[in-house]
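Below: the structure, in structure tokens.
Note that the structure is a prediction, hence the values are computed from the model and not measured.
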Amino acid sequence: MSIRLARTIAEVRGEVARARARGESIAVVPTMGALHAGHAELIDRARAESGFVVVTLFVNPLQFNDPDDYRQYPHDLEADLAVCAAHGADGVFAPSVAEMYPQPTSTSVDVATVTEHMEGRFRPGHFRGVATVVAKLFHIVQPDRAYFGEKDAQQLAVIRRMVEDLNFPVELIEVATVREPDGLALSSRNRRLSDEERQWALALYGALRRGRQLVESGEARASDVKAGAAEVFAKYPEARVEYFEVVDPEQMQPIERIDGPVRIAGAIRVGKTRLIDNLRAIPPATGRE
Ligand code: AMP
């Protein structure tokens with residue numbers, strides 16, 4: 001069966017209603033397109049666990065705080081449709097900006113606390129845009145399950161809070177970060193990197209791995225974990241660090257004392273490209289101190 005491309009809310013709702021009438025469960029995979037193997041992994045998981053899989057392709061202007069980043073964001077509908085078809089998606093919802101926002105929105109979703117640091121701090125308004133568009137997509141598609149990448153761990157924490165606080169009847173599924181063989185997390189923005197920048201981009205994963213190693217070997221002070229990571233960053237002076245934090249995995253608040261699972265997360269800029277990544281780290285259960 002060929003993949004269905006819906007350009008309007010009415011069309012995708014029709015597709016979903018027909019699938020529901022056939023008794024199928026509905027999965028949604030929200031993306032901004034320019035699909036890569038990380039997105040494909042989300043589609044594969046959704047395919048394995050659901051009857052009808054909708055991939056949404058929408059570069060959401062509301063979540064871009066940098067107009068250049070929005071303008072330069074890659075688009076490739078034909079290639080994206082091929083990826084969706086190859087991974088067994090049933091439908092693609094690729095609306096225009098006018099379809100999603102026929103008038104300036106007066107209503108938005110603001111999630112407090114979990115948005116305070118890291119991406120929320122360095123990209124003002126970003127998570128309001130994300131939560132608002134995901135709320136709209138959930139209302140449009142009305143999925144049973146929605147698939148998100150661990151790559152954007154703070155985003156998933158924000159959506160989790162929104163779903164809990166506003167009682168969305170949707171199960172959120174987290175999918176592990178897909179990486180290049182050398183560890184670089186796949187990202188649509190990687191295609192903007194020159195060969196040289198591609199090497200500098202490895203700074204972030206290197207620093208995260210060093211941080212995780214320190215936590216796993218029992219380092220209980222976040223400041224010492226960050227100091228270890230800073231030694232890695234020092235080898236890559238071309239990578240400009242925006243933030244590097246050790247946070248609690250639910251509320252995404254920076255912590256100093258590490259006595260349970262944490263998330264180590266960072267953002268860097270190489271050339272004109274901004275990259276983020278994170279790793280979960282679990283201290284040894286030694287009961288020391
Ligand atoms: P984006 O198109 O960048 O907004 O991402 C759409 C979804 O794909 C989000 O849930 C991301 O977390 C997820 N994603 C992006 N990159 C990766 C990756 N390398 N591995 C797994 N999931 C990813």
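- Judged by distance alone, the side chain of Gln154 and the main-chain N or O of Val114 form a donor-acceptor pair under 3.5 Å.
- Ala229 and Ala207 get closest at one heavy-atom pair: CB-O, 3.8 Å.
- Salt-bridge check for Asp69 with Arg192: passed, with a basic side-chain N closer than 4.0 Å to an acidic carboxylate O.
- Residue Pro61 comes nearest to Val59 through the heavy atom pair CD-O, 3.2 Å, listed as atom of the first residue, atom of the second, then distance.
- A salt bridge is defined here as a Lys NZ or Arg NE, NH1 or NH2 lying under 4.0 Å from an Asp or Glu carboxylate O, and Asp44 with Arg47 fails to meet this definition.
- Not one N or O on the side chain of His87 forms a donor-acceptor pair closer than 3.5 Å with the backbone of Cys84.
- The residues Arg121 and Glu242 are annotated as not salt-bridged, no charged nitrogen and carboxylate oxygen being separated by less than 4.0 angstrom.
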Worked verdict on Arg71 versus Asp68 for salt bridge (Lys or Arg N to Asp or Glu O under 4.0 Å): CA-CA 5 Å; Arg71 262 197 302 278; Asp68 282 340; 2.4 Å; yes
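- Judged by distance alone, the side chain of Asp248 and the main-chain N or O of Gln251 form a donor-acceptor pair under 3.5 Å.
- Closest of all the heavy-atom pairs between Ala281 and Arg212 is CB-CG, 3.8 Å.
- Residues Val54 and Val12 have side chains in contact (heavy-atom distance under 4.5 Å, counting atoms from C-beta outward).
- When every heavy atom of Val111 is checked against every heavy atom of Ala131, the shortest pair comes out as CG2-CB, 4.3 Å.
- Of the charged side-chain nitrogens involved, none lies within less than 4.0 Å of a carboxylate oxygen, so that Arg160 and Asp165 do not count as a salt-bridged pair.
- Taking OG1 from Thr177 and CG from Leu184, the interatomic distance works out to 11.0 Å, rounded to the nearest 0.5 Å.
- Using a 4.5 Å cut-off on side-chain heavy atoms (C-beta onward), Phe148 and Leu172 make contact.
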Verdict with supporting geometry, Asp66 and Lys272, salt bridge (Lys or Arg N to Asp or Glu O under 4.0 Å): CA-CA 12 Å; Asp66 173 354; Lys272 291 190 169 128; over 6 Å; no
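- Checked for salt-bridge contact, Arg263 and Glu150 meet the test: a charged N lies under 4.0 Å from a carboxylate O.
- In this structure, CG in Leu5 is found 10.0 Å from CD in Glu15, a value given to the nearest 0.5 Å.
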Worked check of side chain to side chain contact (heavy atoms under 4.5 Å, CB included) between Leu166 and Phe138: CA-CA 12 Å; Leu166 299 182; Phe138 284 177; over 6 Å; no
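- For the pair Glu219 and Pro283, the minimum side-chain heavy-atom distance is 4.5 Å or more.
- Taking the ring centroids of His117 and Tyr243, they lie at or beyond the 6.0 Å cut-off.
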Test log, rule side chain to side chain contact (heavy atoms under 4.5 Å, CB included), inputs Asp80 and Val92: CA-CA 9 Å; Asp80 289 347; Val92 168; over 6 Å; no
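- A donor-acceptor contact shorter than 3.5 Å is absent between the side chain of Ser50 and the backbone of Ser25.
- You'll find the side chain of Thr113 reaches within 4.5 Å of the side chain of Gln253, heavy atoms only.
- Using a 4.5 Å heavy-atom threshold, the side chains of Arg240 and Ile268 count as separate.
- Following chains of ILVMFWY side-chain contacts shorter than 4.5 Å, one cannot reach Tyr205 starting from Val232, and the two form parts of different hydrophobic clusters.
- No option in Glu171, Glu49, Glu174 other than Glu49 meets the side chain to side chain donor-acceptor pair (under 3.5 Å) test with Tyr147.
- Rounded to the nearest 0.5 Å, atoms CG (Leu42) and OG1 (Thr31) are 9.0 Å apart.
- A salt bridge does not link Arg209 with Asp277: every distance from a Lys NZ or Arg NE/NH1/NH2 to an Asp or Glu carboxylate oxygen is 4.0 Å or more.
- Contact of the Leu62 side chain with the Arg128 side chain is not registered, since no non-hydrogen atoms from C-beta on lie closer than 4.5 Å.
- Leu57 and Ile3 fall within the same hydrophobic cluster, defined by Ile, Leu, Val, Met, Phe, Trp and Tyr side-chain heavy atoms under 4.5 Å apart, directly or through other members.
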Worked verdict on Arg18 versus Asp90 for salt bridge (Lys or Arg N to Asp or Glu O under 4.0 Å): CA-CA 12 Å; Arg18 281 187 285 281; Asp90 300 289; over 6 Å; no
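- Following chains of ILVMFWY side-chain contacts shorter than 4.5 Å, one can reach Val170 starting from Ile9, so the two form part of one hydrophobic cluster.
- One hydrophobic cluster holds both Val163 and Val134 under the rule that ILVMFWY side chains link at heavy-atom gaps under 4.5 Å.
- Between the side chain of Glu197 and the main chain of Ser194, a donor-acceptor pair closer than 3.5 Å is present.
- Counting heavy atoms from C-beta on, the side chains of Arg274 and Ile276 come closer than 4.5 Å.
- Side-chain atoms of Glu11 come within 3.5 Å of backbone atoms of Thr8 as a donor-acceptor pair (strictly under, hydrogens ignored).
- Distance alone, capped at 3.5 Å, is enough to place a donor-acceptor pair between the Ser96 side chain and the Glu99 backbone.
- Rounding to the nearest 0.5 Å gives a distance of 11.5 Å between CD of Glu245 and CE of Met252.
- Under the ring-ring contact (aromatic ring centres under 6.0 Å, His included) criterion, Phe233 pairs with Phe244, sequence neighbours left out.
- Within the 4.5 Å cutoff, the side chain of Glu119 has heavy atoms near those of the Phe127 side chain.
- Rounded to the nearest 0.5 Å, atoms OG1 (Thr105) and CE (Met100) are 11.0 Å apart.
- Note that CD1 of Ile258 and CD1 of Ile282 are 12.5 Å apart. Values are rounded to the nearest 0.5 Å.
- Contact detail for Gln142 and Ile26: the closest heavy-atom pair is O-CB, 4.4 Å.
- Closest of all the heavy-atom pairs between Ala239 and Trp200 is CB-O, 3.9 Å.
- A donor-acceptor pair is defined here as one N or O able to donate and one able to accept, closer than 3.5 Å; such a pair exists between the side chain of Ser217 and the backbone of Leu214.
- The cluster map of Ile, Leu, Val, Met, Phe, Trp and Tyr, joined by side-chain heavy atoms under 4.5 Å apart, puts Leu35 and Leu275 in different clusters.
- Checking side-chain atoms of Thr56 against main-chain N and O of Phe93 turns up no donor-acceptor pair under 3.5 Å.
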Steps toward side chain to side chain contact (heavy atoms under 4.5 Å, CB included) verdict (Val29, His39): CA-CA 8 Å; Val29 181; His39 299 113; 5.9 Å; no
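- A donor-acceptor pair under 3.5 Å is absent between the side-chain atoms of Arg123 and the main chain of Phe64, judged by distance alone.
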